[in-house]
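So the structure is just underneath, and the comments pick up after that.
Naming: A, B, ... by sequence-line order, numbering from 1 per chain. Side chains included, hydrogens not; waters and symmetry mates left out as well; all remaining heavy atoms used.
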Amino acid sequence: MKRLLRGGRVVDPTQGLDAVADVLIEDGRIAGVGPMRAGAGVEVVEVPAGCVVCPGFIDMHVHLREPGQEHKETIATGTAAAAAGGFTAVACMPNTEPANDCASLTEAILKAAAATAHVRVYPIGAVTKGMKGEQLAEIADLKAAGCVAVSDDGRPVPSAIIMRRALEYTLMLGLPVIDHCEEPTLKGEGTAHEGYMASVLGLRGIPAAAESIMVERDVALAEMTGGRVHIAHLSTRQALRSVRAGRERGVRVTCEVTPHHFTLTDARLADPIPYDTNLKMNPPLREAADVDALLDGLRDGTVDAIATDHAPHQPDEKFVEFDRAPFGIIGLETAVPLALDRLVRPGVIALPRLVELMSSNPARILGVAGGSLKAGSPADVTIIAPEAAFTVDLARSRSKSRNSPFDGWRLAGAVAATIVAGRTVYVNAEVDGAAGLGPAAARA
Amino acid sequence: MNPETPDIAAQPAGAPRLRRKDLVGIAELSSEEITLILDTAVAMKEVSSRAIKKVPALRGKTVVNLFFEPSTRTRTSFEIAEKRLSADTLNIAASTSSVVKGETLADTVANIEAMAPDLLVVRHSSSGTCHFLSRICRAGVINAGDGMHEHPTQALLDAFTMRERKGRLAGLKVAIVGDLLHSRVVRSNVQLLTKMGAEVWVCGPPTLVPAGFDRTGARVTYSVEEAVRDADVVMMLRIQLERMLGGFFPSLREYFEVFGMTVERVALARPDVLIMHPGPMNRGVEIASDVADGPYSVILDQVSNGVAVRMAVLYLLAGGAEHETAA
């Protein structure tokens, strides 16, 4: 089967491409990019004016909750949200019930994904057995079963010696160790960024140093071992400084930031809805100076990826006292509009850099196919409409959960369509002309 | 009825009201609203001096005291205030409620609401709980202390006591000494006193000073002498033994050495200084007995005034025909 995406602006930093071009898809792979002739048997798809064709976006930090917490999300619903958010692949964290700390769990996740997923699913295995931080999980086995990284996300690897061993052991496997950096005793019972807002609201603080101390530790351990560490949801200017300094010394450290951390500050905790539990996440929303630093990092290359930390929780679970509410928000369907509205539109970054952050870099860090429109790559394509208006409407979310602080937000920038292995898995009918991006059968 | 005092029972049309459903914190109040509450409390205090300490202002109103955290002083004070206004009152303590059976707070409160109370007086160990309940309840919510956030009626009764003794709040130097980090009393007091033009100094060991507290409008110092010097009011905050175990300071003995309010330290304050404490006191920890029982102590006045201030708040939120028509 051949499809030709004709006439769109194609942005692919892996080939230095930002020009109007056609993209030819053949048997689920990219056959070529450039001026193409639509031969016999080629389904021609006109890319609407104003739309941009990008290599498929990859969210390297998602909680799909399956197995064990299917009331919050399933592989089917989470990946449906991913498709609607413009992601052609997601990497799912191992803090399921039970934790994905052995090959049989990984295999079960991949089997469920093969049956129900709307986009590619890359499991991330646990660093330690049961994510208890004590003994290494069978990481070689996890890799053999299909894990693309290891992480105890949701909690850090608290022991420095275990982190050292993990970074050493993964050297032979080529897997990154993804760390949720938070020094446990400094974090304590904290629920909000330690600073003026938490003090006025009487919320227990999580100091910036709880993150930066452990990032600095991980950078030092990666430097010592030569291992590869990836910092999950980096949120503070101090931690960013550690990553930047490590990178300058040649340490193999990468990092991601979330859309909520580059969009919101802890001032939101007081206004407009005081103590809104949809503003409770870990790491917490930080200060304006941190947001500024993250924007600098996104601009100057220190930040490698934008990842959502999509963390679904049922409404009942969030409809409680602030202290009792679980941490986390969903993010798959708002990430691209927020990135376009908050980063691209004001000129913090240009589109090629956005594609790096959301596609080619995550692919490189995880060592997975995709992240490129070079011939031979999987035909995973995200088509975005940077100028299209987008209003967040949680009632229409594909996720099983609704825990987002962005409901009702009007943003400039939308996903027009998501294509996985050449097949259209999502079309946004509200983008002018996007209906034509759908499967031929749907248009007939 | 005493004809010389304001006739609070008659509820004249157009009588002043708080134009709000809830009192969740001092942060939300304007200085005019604070003054209205304090002025109303003057009339309420008179009621408590009568032989028959009861007015019908809240007759037919139902007030539920919902205490998810142990409290004797505040709960008793609210209950007396409610009874003196002729409200029907009901006390629910967390140990006897469904919360221990795993019911959520929202469900517990929805069940109480189904019985149509007019006001909920809520004490809870989690900051922000009164905000949460005020959003989901039809009834008005009065914050009787939420976690480390606010305790607005305590700050109001403190201000009432200061104003009663000093004739004003503006320009007073008020020193608040103790565990600032875990105290809802200090947060409400700083909000109220800075709004009313007082000069507020807060003092405690650096481990118990919340981050960024200098941005609240209060002056932060670690020197109790500096805080107390020339103060019009010195307010101590309770020091809990758990804080020592949590590593915030080495021992209660050392705390008293460095921060305890002694006669010598009180001597640095103005000669007519008021010594205040929200209670319960730890004698020999944050305050020496001879200071607590000394001539400047207004600690028991605070307790008496608490009833008058809570009557004022209840009345201004739930009393009167205006509210009924609005509802």
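For the atom pair CD1 (A:Ile273) and CZ (B:Phe132), the distance works out to 12.0 Å, reported to the nearest 0.5 Å. Separation of atoms CZ (B:Arg215) and OG (A:Ser199) is listed at 9.5 Å; rounding is to 0.5 Å. Put simply, CG on A:Asp316 and CG on B:Asp107 are 8.0 Å apart, with the number rounded to the nearest 0.5 Å. The line from CG of A:Leu269 to OG of B:Ser127 is 11.5 Å long, rounded to the nearest 0.5 Å. Here the CZ-CD distance, from B:Phe68 to A:Glu321, works out to 7.5 Å after rounding to the nearest 0.5 Å. Residue A:Asp276 holds its CG atom at 6.5 Å from CZ of B:Arg135, rounded to the nearest 0.5 Å.
Between A:Tyr275 and B:His149, the gap from one ring centroid to the other is short of 6.0 Å. Taking the six-membered ring for Trp, A:Tyr196 and B:Phe213 have ring centres at least 6.0 Å apart.
Between B:Met148 and A:Leu201, the closest side-chain pair of non-hydrogen atoms is not below 4.5 Å. Within the 4.5 Å cutoff, side-chain heavy atoms of A:Val200 are placed close to those of B:Thr216.
Within 6.0 Å of atom NZ in A:Lys132, 12 or fewer heavy atoms from other residues, nucleotides or ligands are found, so the atom counts as exposed in its surroundings. The number of heavy-atom neighbours closer than 6.0 Å to CZ of B:Arg219, taken from other residues, nucleotides and ligands shown, is 12 or below. For CZ of A:Arg204, the number of neighbouring non-hydrogen atoms (other residues, nucleotides, ligands) closer than 6.0 Å is 12 at most.
Contacts between B:Gln191 and chain A at a heavy-atom distance below 4.5 Å involve the side chain alone, from C-beta outward. Heavy-atom distances place no part of B:Leu133 under 4.5 Å from chain A, backbone and side chain included.
Most heavy-atom pairs under 4.5 Å with chain A, from the set B:Ser126, B:Gly212, B:Ser183: that is B:Ser126.
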